[in-house]
Structures are given as structure tokens and as C-alpha cells.
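In what follows, every heavy atom counts, from backbone to side chain, and hydrogens, waters and symmetry copies are set aside. Numbers here simply count residues along the sequence, with the first being 1. Because the structure is predicted, anything quoted here is derived from the model rather than measured.
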Amino acid sequence: MGQTGSMCRFNGCRYKRNKQGLHLRSIEEPQNRMPTEQGGTAGGLDTTLGSRSGVPLPLPPHTTHHYHGHHNHHHLYHGSTGVASGNGSVGASGTYDAEFARMESWLDENPEFVQDYFIRKATRNMVDGWLVSHATPVTTAANAVDSPTHGVGGGGGGCSNQPSSSRGGSGATTPVRKISAHEFERGGLLKPIVNTIDGTPTFLSINPQNDSSASGSTQCCPHGVPNCGAASLRPLRLSRNELKQLDERELIFELVKDICNDLDVRSLCHKILQNVSILLNADRGSLFLVQGKSTCGGDNTKKCLVSKLFDVCSNSTLEEMEQQDEVKVAWGTGIAGHVAESGEPVNIPDAYQDDRFNREIDVQTGYRTKALLCMPIKDASGDVVGVAQVINKQGDQCFTSADEKIFSSYLQFCGIGLRNAQLYEKSQLEVKRNQVLLDLARMIFEEQSTIEHMVFRILTHMQSLIQCQRVQILLVHEASKGSFSRVFDFEANDLSGEDGDARTSPFESRFPINIGITGYVATTGETVNIGNAYDDDRFDSSVDDGLNFRHKTILCMAIKNSLSQIIGVIQLINKFDALTFTKNDENFVEAFAIFCGMGIYNTNMYEKAIIAMAKQSVTLEVLSYHASATMDDAYRLRQLKVPSSAFFKLYDFKFDDLMLDDDHTLKACIRMFLDLDLVERFHIEYEVLCRWLLSVKKNYRNVTYHNWRHAFNVTQMMFAILTSTQWWKIFGEIECLGLIIACLCHDLDHRGTNNSFQIKASSPLAQLYSTSTMEHHHFDQCLMIINSPGNQILSNMSSEDYSRVIRVLEDAILSTDLAVYFRKRGAFLELIEPNAEMSVWQADEPRSLLRAMSMTVCDLSAITKPWEIEKRVADLVTSEFFEQGDMERQELNITPIDIMNREKEDQLPMMQVGFIDSICIPIYEAFGTLSDKLTPLIDGVLENKKHWIELAQNAKDVYANNNNTSETTNNNNNHCTNHDEAKENEDKPGSHLGSPTI
């Protein structure tokens, strides 16, 4: 190890150098490392370089190092992925020696350098490799990395039994890219993904047949215009006579060049046959392609030879050959089948002398087959991909060994070209399949209004793609899970029939899911693909009774939601042309089922949301009705005489509502509306105003402090400020109306708890609003009342004025949150200057700040009132805070903050002083600077601060006296105890040897 601190990969510990030297730390301690599922290493150890980067780090050739003495034990690896020898060499599986371990440890301990180096030196490919390796964990056996505690391949050689996460390989937990967009540009893929057909956006390509990439380089006409004619799509071919003038080598080169640029399988096969006929002077030929994967599979996967180019002569055209029926030859039968199976050529001078030859073809065509040469076409890996045969060499000659040699040489190139063409064709089909699925996804997710509409679209697309007689979707009943609740049935001729609507509408009659094929699939989740329904015991033949329909072939698959729960079944019946459903059909239906599951789930959620919104609307209507005051109460309030503002002392900053009953507070509110000329200016009906005030009062809960009386006092202070300072001229009538309404409604439906409590309790309100929780709720309640029938005091305003009032109203109510106050206070105080003109506040932004600060000044106005009022209000606030603290302690099992902790009541005066200093004095001093009319407010704050300081000092003195008394009592008790013990010891023999001195 030397003097460098390093991670020891070999003995389960970690060396780390600090100021005192090397520090030994067990790997069992928590390491500050990324978890394994996020790309880190299990247990804090790395057994391969690939565990971090996804790609093994390159190892220099000089990785052999010699260590001696007691350090040799560090070179032993305890993982199963490889063992480093004593000289530090690298294991076969990519493990690395102690030198690299020390390097990695240094990097671990210097993350700043690693990050800086990565930013300066990392390439885009490196970043992409890291993203891919961390998004898609390697699960193949070849790349498995053993964990120090749960080895995959160690010891017994068994595989891991631990279930892997279903999301692990999808990258669903970490939104990372699997490929960079620039890689498509680098590959020249610049075609648009989304196209428009008939005005509808679609993922399907437009005119893919015009793509010249499959036929080699584009030829230009003499005028320089590309693709100006059909003949210009590929290089011009030499005529047969011109080819005959070439020698053997030139001829093969010319024919190879002819096929190398063609990536269309059918066109390529046709060229191969014509060129072979030229090479061997044969009369005609046939070419078979291998189809299927195994010799013992089902009908859909069993190997066979297929040809649509049978008996092609030199003057045959591809268009003529396309009209022929497909010819299938069983694997191992006939001459072609034998050649495909054995991989060996067959040269027969007389076909009729060979038992493997099928004479029926000659009988049907009237053509006499004599000489026949049949050879396999192999790809670069030696696998047979097809069989080519030529018939009847011209001049009634037999095919010679030289012909075999030429034929074999040419077919070697043909095999490579054919494999490339097939790969290209597969890639094009894969692109088309992806486009179909993307288009299906677009179609599903743009129509999610109802299950019926969404499922009908799926059924029509499914029937069009798979080409079957009937498609059904059966949905499992959500509650019982034992029956189908909705059945959608679509037939091929439904779109043209008169009963199409009836056929595609769901059948609501429920029937059990343990009957028939659909019941089996709904119960087990297995896919069922049967060629003859009546040969399968699971099929319920009674479904065909009384119908002019007979089930033959069936493909049935489960529909699952994101939790892999079966929510339905999709069933396809009777594929056209009496064909059976193939593996390709299963793949498509599986993809359709996934999209169908997502679509059904989303549509269900949408329907539930619509229902919830309807319920909410009904509930809101009911609540609005019950939350509104009655017409009788409004009529009674309307008949009452409203005294003047002077009678109520509404202009007084020392206003006290103690002697007013509820009717007087309502009449005082009416007086404020009248004196500010809001009733006349905005044409508010007097009876509507009365009912609205009663409704607002009714929607305040009977809590200790944040109730109707608090709202009324806040409104009175706003009225006093607006009238005494003449600021109503700055705000204007609309903003004054918004401020008065905001003051009356700013604590509507307050529950006696603050925002912090709502968040701690995870209440529904906290889920609705993440910030200013209660303030948003107050505003919503305000809007509900304003929009309730009979309470619409803003109904006679223009839409523009109404919108402006609502904006002022929302901003004012939200400004009562002290968090908003702190956010805006700095900008407001920067605008405060002594003897400044009030014209500064005419602009929108400063005026908005002034409104917000005015709401806070009015909300906290009790702190400015005479001490008797302030102390009474403070007791109410304290009582409400203690109630919240009790709830936090009992319901949430948390200790409340000091101001809400009943056990720290003696500290409240000092906390109140801190509140005054940090929150109240700055804003009230600013308002006193703005207008000398408001200096009584700051004077009241400072006067009350003195009283709170006095109370705080008294509490401190009481606390000190209590402590002194307790200490004196304890000292006396200790003195008596010690005296008694000493006296006791004196009475004991020999006690003086250990007695303390008193």
C-alpha cells in the first residue's frame, strides 16, 4: 500500500488517510455511495471496472507489479469473477489489480478532481454509455457481476433466486435517454417522424415506395434531375448478348455488381435467377427462401422453403412473377428440400431418374425437365438462407462440374446480398410496425372521453391490421372480479351495416369469467392461439348456438393494467382466407393489449375525474346553499337603521368592538360600504349586500380568535387608514372595493390552525395548496360566496372591472400570509423616503406593494390598540395557539414550537417582544413615515412593547425567585441529611475512621 490511503478490495476493509494517518473502517459501516439499483456497487465494493461505467476500463499492457512482504495478501480477490495473481495481473473477467484499486480509491477521496476531469475530458459517447449502463442494468449471465454478499455465480454455481425489479430494466425509475438525438443525425436519418395525411397528424410514412435507398444510388437523367424516370432508379444492366462477350471473371464481376446495390428481396431474387441462367446457359430457374426457425415447431414456426419466383426464364419480368401463387416446399422433401436440409448441391442429368423429383409440376406446366442443378445459398456465417436451382442447360447438355464451380462462386455473393436484403427488409418492416403502434398510441390517447369511443377505435384498428372476421374486448367487473361487466363486439362488416352502433355498444349483462376461452385467459392470464376452436376442450361451443356464425381460429390475450392486474380480455376470431393466427399476430395483439390497458385505465381515470367534478359541482351547490344566509335574515338586516361612522367610531385607530353585538358589526360594515360610495359606484343591490355580509359572517367558524370579530376589526382598520390618509384616491374605487372585501373575507373558514399544522397533518387543504395553504382556501371560500345566488355583489360590474377586483382580492388575501409579507417587505421599504411625494405610489407595482403591506398592517392592528385591548386580543391568540399545540402533541405526536407550547407560557411576553421587534415595528414605522396620520399606530406599538417588556421582566423575576427558593430548600435538606448521617456514624464503633468533616 505504501503511504497512500486506499480502498482495499481484498480483505473487506477500507483504508483512508487523514491527518493522523491511516484510518481503518469496516465495510459494514454506511458508505456515502450510490445504491446498487442506481448504478452503484453492492456493499460498497467494486469487483469489476464495468460496475461503474458500464464499459471495462482499458488496461495498459504494463499492469504487472511486484509487491513483497506483508502486502502480498492484498492481491487476493474474494469475488467469483476472477482472481488476481500475486503479481497483480488482471483476471479474465475484467477484474483489476491493487494498483488500479489504489487509483480508484484516490479518485473516491477526491470527488472534486473527478468531476472537474469529467467535465473537461468526457466525450459524448462516454456520457451516453454511462446513461445507458445506469438506465438498463446488465442481466445476462456473461455480464453478471457478483455481489460480495449475494454472489450470482459463486460457490455453488447456481443462479440468483432474488426477483429483479419489474422496473429495473426499463429506466422507469430514472428518466434517462437510451440514445442521443445526434446519433440519428449522424446516421443521416432526417425524415420527419410526424406526417399529415388528410389533415390528420400521423406517424405513418408518406409514399415509402418512393424511397430510393433500397435500390442503390440514385441515377440522374441527362438534364440533371434525380428520379426523373423509372429506369433511373438503378444502374443500367448490360444486355444478354453483351454479357456473353465477357470472359468468366468479368462476367461474374459484372453480375455481382448488378446485385450488390439491390436491397429489395424480390427484385434481388429475380436478378439472381436471370444472372444464373446467363452464367450457366440454363433455360430457366427457381429460387426458394428459407422460412421458419425450427424443424419441429408448429405450423407458424416450422421450417420450409417458399418461392414466388418459380420457373423464371430469361425474358420473364418481375411483374409477371409477382402474379404467380406462392409455392411452398416442406423441409427435407423434394430435391430443393433435400439441398436445404443437407447443405450440399445436387446435379442430376435426368430428373426423371431421381425419386426425389416431383413430376406433377411438369404435368401442370407442360414443360419437360431434364438436367437439373440445385445448390444452397449460404450467408457469411454458413447458414442456408435459400436454394437456387436451374433447369435444362441449352443444347440439351448436362450441367458440368465447372458449372457447379461457377454456380457456387456466384451464389456465395448472392448469399451475402440476400442476407443484407432480408435484414434491410426486416428493418423496414420494424419501422413500419413501430409507426403502426405509435399511430395506435396517438389514436388511443387523443380519444379518451368514454370507454366506448376508445375501445371502438381499438377494435376497428385491430380488425383492419390483423384482417379477421371478428374482434371482441371483454372487461372484467371491477368489484366482483368474477365476471365480465362490459363486452365490446366488432365484426368486419359492422361499419357498413345498419346495426353497427348496436354491435359496437357494450353489453352490460354480466356472465362468469370461468367459462370458455375468454374465461380461461381472464383467469390464468395465458395467451391462447388455436387453429380449430372445436378441437379445444376449453372452447364453449354453445356460443355458436342459434347464430349464423361459427368459431374456427381464435387468438385470445389478457389485457393488464400498470400493476399487471388483468382488467379484460381481447379476442380475435376467424382470420381471413382460412389462415391461422401467427406469432406475428400475437406480437401485434400483445402490443395492442398494452396500449388498450393504458387507454382503458386512463379513460377510467378520466371518467372518474368527470364524475368527481360533477359531484364536486353538486356538493358546491349544496354547500353554497347552506353556507348562504337566508332571505329572511337579509330582509331583517335590510330593515335595520344604519348609524353613522361617527356613532360606531369607525375612524378611530383605537376602535374597540367589545360593546357591539353582531347586528351592530353588520350595520357598521354596511356603513363602511356606504361611506366609501361603493354601493352607488358599483350598483350593488342593498339587499344583496345585506345577504352577502350575513353569508360571510356565517362562514366564519366559532374559533377562539380567527373569527368574524377579527375580520370585522381588520376591515375597520382598513377603513380608518383609507379615510384618514385619503389613500382611497391612490387606490381608486375598484381597488378600495377589493381591499374591503379582502379584509372581511381574509380568514374565511379558518380552522384555528395555521399553515404549518395543515402541512404537518397532510390535510386535504395542504394537498391542494403547497404554499399559503389557508390563504388560498380563504380566497376560494370568498369566491364561492361571491358567486352564490343571492350573494353576487359584483354582478353589475363589467367583465373587465370584475376581473380586476378578483385580482386585487386574491393578491390582498394571499398577502396576509407572513411568508408573503417577508418576501415583499424588502422591496416596499426601499421605496420609503421621508417627505416623499405620494405620486410614487401611482405606478402599478408600488401600489401593489402598498396594498399588500396595508393588509398586514390591518391584520396585526391589535398590536397598535390601547393596552387593555391588546392584552385581551393577545390572550385570545395565545389560547388558540395553545389549542393547536395540544393537537400537535396528541394527534401528531410532535412537540409544538415554543409559542404554541402550553408548558412555556411564562416565555410568551419575551416572545411577544421579539415578534414586535422583527415584524411589527419595521412596517408600522414605514407607514408612519408615509403619512403623519398613521403615527398613532407606531406609537401604540412602542407603548405596548413597554408593557410586554415589563411582563417579561416580571416573569423573569418570578422564575429567578422560584429557582432561589428551590436551591435554598435543597441545600437545607442536604445539610440536614448530612448532619443526621454524621450523628449516626458517631454512634457506631470505629465510625470516625470514614466520617466526612462537617
Side-chain angles (χ1 to χ4, degrees), residues 298-300 440 450-477 482-559 566-593 596 600:
D299 292 339
N300 295 333
L440 171 68
T450 63
I451 289 285
E452 287 80 5
H453 283 91
M454 192 270 300
V455 171
F456 177 70
R457 284 195 165 202
I458 293 176
L459 292 174
T460 54
H461 278 66
M462 179 74 75
Q463 191 278 328
S464 173
L465 180 67
I466 305 298
Q467 290 293 293
C468 60
Q469 200 169 351
R470 203 165 183 172
V471 185
Q472 294 176 336
I473 288 181
L474 304 87
L475 301 183
V476 176
H477 189 250
S483 61
F484 291 115
S485 61
R486 304 169 107 179
V487 179
F488 300 86
D489 192 0
F490 181 80
E491 208 167 330
N493 56 0
D494 276 344
L495 291 177
S496 58
E498 295 181 357
D499 61 341
D501 292 337
R503 170 69 69 180
T504 55
S505 62
F507 304 122
E508 292 292 345
S509 56
R510 300 191 183 109
F511 55 92
I513 66 173
N514 58 350
I515 297 177
I517 300 292
T518 55
Y520 176 81
V521 173
T523 305
T524 64
E526 297 178 10
T527 298
V528 172
N529 185 355
I530 51 179
N532 190 344
Y534 282 84
D535 291 342
D536 196 295
D537 296 336
R538 297 167 295 187
F539 176 67
D540 180 17
S541 59
S542 63
V543 296
D544 287 343
D545 295 345
L547 300 176
N548 188 22
F549 185 86
R550 182 178 176 84
H551 286 69
K552 298 174 184 175
T553 57
I554 294 177
L555 174 58
C556 191
M557 193 173 291
I559 301 173
I566 298 175
I567 61 174
V569 167
I570 185 168
Q571 180 173 244
L572 286 76
I573 305 168
N574 297 355
K575 193 171 182 180
F576 286 153
D577 300 327
L579 299 174
T580 59
F581 292 104
T582 64
K583 182 64 178 177
N584 184 58
D585 295 331
E586 290 185 27
N587 294 337
F588 267 112
V589 174
E590 182 182 17
F592 268 65
C596 189
I600 290 173

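Paired with Lys575 under the rule side chain to side chain donor-acceptor pair (under 3.5 Å), one option of Thr553, Asp585, Thr580 passes, and it is Asp585. Leu572 pairs in a side chain to side chain contact (heavy atoms under 4.5 Å, CB included) with only one of the listed residues (Gln472, Gln469, Met462, Met557), which is Met462.
To the nearest 0.5 Å, atom CD1 of residue Ile530 and atom CZ of residue Arg538 are 6.5 Å apart. Rounded to the nearest 0.5 Å, atoms CD (Glu586) and SG (Cys556) are 11.5 Å apart. How far CD1 of Ile573 is from CZ of Phe490: 13.0 Å, rounded to the nearest 0.5 Å. Rounded to the nearest 0.5 angstrom, Thr518 OG1 and Ile473 CD1 are separated by 13.0 Å.
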* Going through the distances and angles, do Ile466 and Phe581 end up as a side-chain contact (heavy atoms from CB on, under 4.5 Å)? -> CA-CA 9 Å; Ile466 305 298; Phe581 292 104; 3.8 Å; yes

* Would you please test Phe456 and Phe488 for ring-ring contact (aromatic ring centres under 6.0 Å, His included) and show each step? => CA-CA 8 Å; Phe456 177 70; Phe488 300 86; 9.7 Å; no

* To do: Apply the test side-chain hydrogen bond (donor to acceptor under 3.5 Å, both in side chains) to residues Ser542 and Asp540: give CA-CA distance (whole Å), side-chain angles for both, the deciding distance (0.1 Å), then the verdict.
  => CA-CA 5 Å; Ser542 63; Asp540 180 17; 2.8 Å; yes

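Listed for the Asn574 side chain is a donor-acceptor partner under 3.5 Å among the backbone atoms of Arg550. Remark: the backbone N or O of Thr460 is not paired with any side-chain donor or acceptor of Ser464 at under 3.5 angstrom. Gln463 places a side-chain N or O within donor-acceptor distance of the main-chain N or O of Cys468, the cut-off being under 3.5 Å.
Using modelled atom types and a 3.5 Å distance limit, the side chains of Tyr520 and Asp536 yield no donor-acceptor pair.
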